[in-house]
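Below is the structure I would like to discuss, written out as structure tokens.
Note on naming: letters A, B, ... go to the chains in the order of the sequence lines (proteins, then strands), and numbering restarts at 1 for each one.
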There are 2 protein chains.
Amino acid sequence: MNGRSAQRLAKLQEALASGGTLHLRDAAELCNVSEMTIRRDLTTQKSAISLLGGRLVMANYPGVTPIYDLNEQQASHYQAKHRLCRRALGYIQEGDTLFIDCGSTLMPLLSQLSHFHELTVVTYALNVANAVAALPNVRLVLLGGLFYPASQSFGSDNIAAAIERLGINKALISAAGVDLERGVSCFHFHEVAPKQAAIATAMQRLLVVDASKFGVVRPAYFAALDDFDVVVTDEEGAHSSQYLGCGNAPLLS
Amino acid sequence: MNGRSAQRLAKLQEALASGGTLHLRDAAELCNVSEMTIRRDLTTQKSAISLLGGRLVMANYPGVTPIYDLNEQQASHYQAKHRLCRRALGYIQEGDTLFIDCGSTLMPLLSQLSHFHELTVVTYALNVANAVAALPNVRLVLLGGLFYPASQSFGSDNIAAAIERLGINKALISAAGVDLERGVSCFHFHEVAPKQAAIATAMQRLLVVDASKFGVVRPAYFAALDDFDVVVTDEEGAHSSQYLGCGNAPLLS
DNA sequence: CACTAAATGTTATAATTTTAACATTAACGC
DNA sequence: GCGTTAATGTTAAAATTATAACATTTAGTG
């Protein structure tokens, strides 16, 4: 709770800023204090640094903090998301140029893209870009602009034009709400332009949503249900068919 | 070395694709095998997953793999980079719009930006963007395009135009080679356009290089030494002054 | 079916990390 | 200076993780 403690943490944060991990032992040496002091700094003041098995890492870096907790609920949610993405994967073919929407829905799909030999992914989301950047066989095109932390994505006034210049094969769009009458919607207004541009440009439009989104309306409307060629969803029970079974979009998968 | 082993790793990689960590215990449960089997999978087949204190993490995610090793050489290198960035920090003021170049040189600077109340960072590098995205007080503008893994940065045919549209205050440029006669150069040709555009637009141009780059020439030339208003470097011994002392650029810091 | 070999499980042990308790040092007010 | 309190160091014990050895299961073969 001291100024010196904060100073140490700042020093360590600098060391970790470029990414990478720092062993507790080295951190202590770097600050000329004992390991215990570093431990105490970390527990007393809460900072962006977290301790993972004796190593310091930046907690807010993607792929570090959010510890996957395997309780009943999470596990089933995990299963649902993956079932969803496995179905979506069925529509992807070698050589495709894919538009991948922001949000967490399509994340599980990305690692499965490593099975292809040549793909191109177009996205405006930082988390998607990070996952795709790790894949050696996938070309990545990131649409830049001003960063919106809420959706981990970028927006600019000419993002629609940039999307329309690209030859996008298949657009995989996610949504926060799907309703037969009120259409397809999301939370953030800055997502509307890129989504609409991708829908307008792509040869095939896939809406990828889990069943929990049916009958839900969110602030930012961006498309009608029949703007999509395919709706990929995880269940086809009474609930989902109520909203999709009589729609114009062919319910494949 | 089995197919089933690879299958398990693929499954785990999917689970980790969205980022986050997975406890060994949960990973074992997820695959319906013992923890030992997961351990063996990880050691036998080498995959993108690494084990960090009982937790599985994506090794190629930024901020995870490159373990900071504190031997003499590394430590001094660390000190040099930070001295350099602390000097560069002196030129930054509240409210600035900064262009931050790609490479690892300017990374230590980024965490220090959290001391300001309002800043805007413009970059075309993914690692820079990730570090800045974590700072709540800094607006981030990422210039997108096709991703170049070699430099972790993006390039496009209209990146120069995009840079020139922005009101950049100060351009912090890094380089791989600095020579009085042959000018300032870098490794990758796709970096030339954004660097030159930033130099052309910015009100103040700062070249940030450590002394080891003096007298070195790299394939991609992008500027003359006197295109810069300030050269920020870590030493002013005989070697550096030989190259800079008699140049046109005022050697501040 | 028996045999073999690979894959996986189990257990014990070693190494490491975490926690807690107490000792020491440094800082500050009076 | 003295006494008090916060900060840091030291040490031992507990918990966790890693390694190694051996047991068991599984898959494939003649």
Seminar exercise, completed: B:Q45 CD to C:dT8 P, in whole Å, measures 10 Å
Could you run down the sub-3.5 Å N/O contacts of the protein with nucleotides 15-18 of chain D?
from, atom 1, to, atom 2, distance (Å)
D:dA18, OP2, B:R39, NH1, 2.7
D:dA18, OP2, B:R39, NH2, 2.6
D:dA18, O5', B:R39, NH1, 3.3

For this session: For A:I38 and C:dT18, give me the distance from atom CD1 to atom C1', rounded to whole Å.
Result: 16 Å
Seminar exercise, completed: side-chain hydrogen bond (donor to acceptor under 3.5 Å, both in side chains) filter on A:S34, not counting sequence neighbours, yields A:T37
Exercise. Pairs in or reaching into residues 130-149 of chain A: which pass salt bridge (Lys or Arg N to Asp or Glu O under 4.0 Å), with residues at least two apart or in two chains?
Worked result: none
Exercise. Expressed in angstrom and rounded to an integer, what is the separation of B:L42 atom CG from D:dT19 atom C1'?
Worked result: 15 Å
Problem set entry | Pairs involving residues 26-48 of chain A, ordered by first then second residue, that meet ring pair (Phe, Tyr, Trp, His ring centres under 6.0 Å) (sequence neighbours left out) | none
Seminar exercise, completed: Residues passing the ring-ring contact (aromatic ring centres under 6.0 Å, His included) test with A:H190, sequence neighbours excluded, are A:Y148, A:H188
Seminar exercise, completed: In short, salt bridge (Lys or Arg N to Asp or Glu O under 4.0 Å) pairs touching residues 31-44 of chain B with sequence neighbours left out are B:R8-B:D41
Exercise. B:V232 pairs by side chain to side chain contact (heavy atoms under 4.5 Å, CB included) with which of B:D210, B:L172, B:L206?
Worked result: B:L206
For this session: For B:E35 and C:dT11, give me the distance from atom CD to atom P, rounded to whole Å.
Result: 14 Å
For this session: Please determine if a side-chain N or O atom of A:T37 lies less than 4.0 Å away from the OP1 or OP2 oxygen of D:dT8.
Result: no
Problem set entry | Test side-chain hydrogen bond (donor to acceptor under 3.5 Å, both in side chains) applied to B:Q112 - qualifying residues, sequence neighbours left out | A:E14
Exercise. How does protein contact run along nucleotides 20-29 of chain C, one letter per nucleotide 5' to 3', with B for base contact, S for sugar-phosphate only, - for none, heavy atoms under 4.0 Å?
Worked result: B------S--
For this session: Any pair with a residue in residues 89-98 of chain A that passes salt bridge (Lys or Arg N to Asp or Glu O under 4.0 Å), sequence neighbours left out, goes on the list, sorted by first then second residue, please.
Result: A:D96-A:K170
